[in-house]
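One structure is given here, and the rest of the page talks about it.
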Amino acid sequence: MRGVPSQNLPPALTAPRTRALALCALPVLALFAVAAFVPLPFTLESPGDTADTLGAYNGSNPVIRISGTPQRETTGQLRVVTVEATNPGQRNTLWDSLSAWADPKRAVVPTEEVYPESDSGKADEATQQQMTQSQDSATLAALNYLHLSPEQVKVEIDLGRIGGPSGGQMLALGIVDKIAGNGRGGDLTGGRNVAGTGTVDADGRVGQVGGIPLKTQAARAAGATVFLLPRSECAQGKVNTPDGLQLVPVDTLADSIAALGALDGGGAVPHC
């Protein structure tokens, strides 16, 4: 027996073509509904903590402790900045990712780029190992710049839960400032709140790190007015740069020290 169209429905809704389109739309809607809640292999990032290398992390131990040579009293701040990322075991849905993608203060990154180790324990271990290597390189870079021997001068660094390699440049600057300042009796910072990012090797070369647009947000939120970054990441630095934050590109630790001196003395300062 053939069905009889309902007398209560408009003819357009009972036409064969309309019914076919409605039936085809159902799987598409179901697909979107599933995609909205199925975990995706992306990590969500946002501006993270900052730490003043000239001060104490979370008000506890000094970030930098030096023995074997006199230390100076310093003013201003030299801030390490970080990016906060969702845990490696967390899977974010399509809605989570779309929301973060539309927010200039958040980023969506493939999880494998953030956490090469899928196991959270191994990921934490790798991050801490990177920080240890970064601290060692920062110490050597600073002592080499000052022509001091690591056998006579010992540096201890405590950044609490902060990990990864990107704090190297700011740690090296903190060591230099605590020992020698600007070399003329003043501070490297000139009393400013300076933040920055970049790896540093024992020869003082500053390397790129990623996450710059989020790090500039973290820096400004912490009150920084100057941001030191690897020259190769200037383009990233100019993405959503917060008002009141001056970007200063550098290639080496010596560049950073020279730029800070120029800021203090009214000289020409590199810019992105």
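In this text the structure is predicted, and so the values were computed from the model without any measurement.
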Starting at [atom1] of [X], measure out to [atom2] of [Y] and round the result to the nearest 0.5 Å.
| X | Y | atom1 | atom2 | answer |
| --- | --- | --- | --- | --- |
| Ser67 | Gln152 | OG | CD | 11.5 Å |
| Asp201 | Ser134 | CG | OG | 11.0 Å |
| Ile157 | Leu171 | CD1 | CG | 4.5 Å |
| Thr69 | Lys178 | OG1 | NZ | 12.5 Å |
| Ser149 | Leu143 | OG | CG | 8.0 Å |
| Asp177 | Leu188 | CG | CG | 4.0 Å |

Are Gln208 and Ser232 close enough, and set up right, to give a side-chain hydrogen bond (donor to acceptor under 3.5 Å, both in side chains), and what steps lead you there? CA-CA 7 Å; Gln208 63 183 36; Ser232 59; 3.0 Å; yes
Measure across [X] and [Y] and return the closest heavy-atom pair with its distance rounded to 0.1 Å.
| X | Y | value |
| --- | --- | --- |
| Ala219 | Ala195 | CB-CB, 3.6 Å |
| Val269 | Gln246 | CG1-NE2, 4.0 Å |
| Leu228 | Ser256 | CD1-CB, 4.2 Å |
| Leu54 | Gly76 | CD1-O, 3.8 Å |
| Val206 | Gly198 | CG1-CA, 4.1 Å |
| Ala224 | Leu245 | O-CD1, 3.5 Å |

Residues forming a side chain to side chain contact (heavy atoms under 4.5 Å, CB included) with [X], sequence neighbours excluded:
| X | result |
| --- | --- |
| Leu140 | Asn144, Pro150, Ala202 |
| Gln217 | Pro47, Lys105, Asn240, Pro242 |
| Ala51 | Tyr57, Leu159, Ile162 |
| Ala180 | Leu146 |

Tell me, do [X] and [Y] make a side-chain contact under 4.5 Å, heavy atoms counted?
| X | Y | result |
| --- | --- | --- |
| Cys272 | Val248 | no |
| Ile66 | Ile179 | yes |
| Phe227 | Val81 | yes |
| Val209 | Thr199 | yes |
| Leu247 | His271 | no |
| Ile175 | Tyr145 | no |
| Thr189 | Leu78 | yes |
| Leu173 | Thr53 | no |

Same cluster (ILVMFWY, side-chain, under 4.5 Å), Val226 and Met170 | yes
Residues pairing under salt bridge (charged side-chain N to carboxylate O under 4.0 Å, His left out) where one sits in residues 144-158, two or more places apart or in two chains, turn out to be Arg65-Glu156
For residues 213-239, the salt bridge (charged side-chain N to carboxylate O under 4.0 Å, His left out) pairs (sequence neighbours left out) are Arg231-Asp251
Please walk me through it: do Leu229 and Ile212 pass side chain to side chain contact (heavy atoms under 4.5 Å, CB included)? CA-CA 8 Å; Leu229 74 164; Ile212 302 295; 4.1 Å; yes
(message) If we ignore hydrogens and angles and just use 3.5 Å, is the side chain of Gln169 paired with the main-chain N or O of Thr197 as donor and acceptor?
(response) yes
Do any side-chain atoms of residues 257-267 form donor-acceptor pairs under 3.5 angstrom with protein atoms, and if so which ones, sequence neighbours left out?
none

Hits for side-chain hydrogen bond (donor to acceptor under 3.5 Å, both in side chains) against Asn193, two or more places apart or cross-chain, chain-then-number order -> Gln77
My understanding is that only residues two or more places apart in sequence, or in another chain, count here; which of them pass salt bridge (charged side-chain N to carboxylate O under 4.0 Å, His left out) with [X]?
| X | value |
| --- | --- |
| Asp187 | Arg72 |
| Asp255 | none |
| Asp136 | none |

Excluding Val83, membership of its hydrophobic cluster (Ile, Leu, Val, Met, Phe, Trp, Tyr; side-chain heavy atoms within less than 4.5 Å) reads Leu214
message: Whether the Arg192 and Thr225 side chains hold a donor-acceptor pair (N or O, under 3.5 Å, no angle test) is what I'd like checked.
response: no
